[in-house]
Structures are given as structure tokens and as C-alpha cells.
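A short worksheet on the structure shown next.
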Amino acid sequence: MPAEFVYSDDLCVAFLDHRPLFHGHVLLAPREHVITLADLPAPAVGPYMIVAQRLERAVESAMSSDGSLLLINNVVSQSVPHLHLHVIPRKFKDGLRFWLGPRVKYSDEVSIGETAQRIRDALAALG
């Protein structure tokens, strides 16, 4: 499919989404085939995110937006099995609400402390 590129270097490419949420919606993808952010080699993560920061500023400026949404789907809702970061220009009261729900509450059955401990244990196991 043809693409309208806005950025390209040895690490990654950025192009306009062909089905944007709003005009100026950009996708940033590494050239190396990886499926999730966790699969991106550690030395590439910093440079990739630096490009994401630059795109965030550029998209907000170019589209005169109030802010932006940076989003990565890992596997679930990932329409293409290749890492890509969305840079989506936002305006106050633009109607975008999909990412806010549904929300859940912690309870006696699923405590916030136990959940935090599970994540701390998983981080420790990763080293």
C-alpha cells in the first residue's frame, strides 16, 4: 500500500496512518521486524523513543493541536503484527474516548497491594 512518509532513518520510518483518528495521525515503525516494544533490542529503544518525542512535537505543531496521544498496542488490538507507535494529535473536546474504559476498581478480591507485589516480583525476575 502506498504511504506518505514524514520521517525516515536507518532505525525507523514514520508515515501517515491511512485510516487516521484525526488528520496528522502518524505511525512510527522500526525497520527491523519486531512484534512488540519488548522485542525491540535494548540499544534501539532510546533512539526509537527520541524519534517518537520529535514526532510528538512536530505533529502537535503542524496540526495546531492541544496535545497528543502516544499509543502502542502489544498483540491485543495490534492490526499489523509489527511494532508501531501511534502519534495522534488531540484537541480538547475532540470526542476521542475509546481509551478511557472500561475501568475497574481494586477490591478485597483483587487488592492493589497484591497486584503491585506481583508486578514487583515480575520485575525482579527479569533482573
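Along the sequence shown, residues carry numbers from 1.
The aromatic rings of F15 and F5 stand perpendicular to each other, their planes meeting at an angle above 60°, with 30° marking the opposite boundary.
Counted by atom type alone, E60 and S68 present one or more donor-acceptor pairs between their side chains at under 3.5 Å.
Under the 4.5 Å side-chain criterion, counting only non-hydrogen atoms from C-beta, L28 is in contact with V51. Contact check for P41 versus E32: side-chain heavy atoms found under the 4.5 Å cut-off. Using a 4.5 Å heavy-atom cutoff, the side chains of D39 and L37 are not in contact. Counting heavy atoms from C-beta on, the side chains of F22 and S65 never come closer than 4.5 Å. The shortest distance between side-chain heavy atoms of P30 and Y48 falls below 4.5 Å. Side-chain contact between L96 and L69: present, with at least one pair of heavy atoms (C-beta onward) separated by less than 4.5 Å. When side chains are defined from C-beta on, Y106 does not count as touching E114, because their heavy atoms never get closer than 4.5 Å. Side-chain contact between L27 and H86: present, with at least one pair of heavy atoms (C-beta onward) separated by less than 4.5 Å.
No donor-acceptor pair closer than 3.5 Å links the side chain of K91 to the backbone N or O of G67. Counting only distance, with no hydrogens or angles, the side chain of S61 and the backbone of R57 share no donor-acceptor pair below 3.5 Å.
Taking the six-membered ring for Trp, H23 and H25 have ring centres at least 6.0 Å apart.
Checking I35, I72, N73, T36 one by one against L83, the side-chain contact (heavy atoms from CB on, under 4.5 Å) holds for a single residue, I72.
A single hydrophobic cluster is not seen to contain both V13 and V59; linkage of ILVMFWY side chains at heavy-atom distances under 4.5 Å, directly or through other members, places them apart. Under the 4.5 Å side-chain heavy-atom criterion for ILVMFWY residues, no single connected hydrophobic cluster contains both L40 and I50. Transitive grouping of hydrophobic side chains (ILVMFWY, heavy atoms separated by less than 4.5 Å) brings M49 and V34 into a common cluster.
Minimum heavy-atom separation, H33 to P81: CE1-O, 3.0 Å. In plain terms, the two heavy atoms of H84 and V80 that are nearest each other are CE1-O, 3.6 Å. Closest of all the heavy-atom pairs between A29 and H82 is CB-CD2, 4.0 Å.
More than 12 heavy atoms of other shown residues, nucleotides or ligands fall within 6.0 angstrom of atom CZ in R31.
In this structure, CG in L70 is found 9.5 Å from CD in Q53, a value given to the nearest 0.5 Å.
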Could you go through the side chain to side chain contact (heavy atoms under 4.5 Å, CB included) check for L21 and D94 one step at a time?
CA-CA 10 Å; L21 289 173; D94 61 17; over 6 Å; no
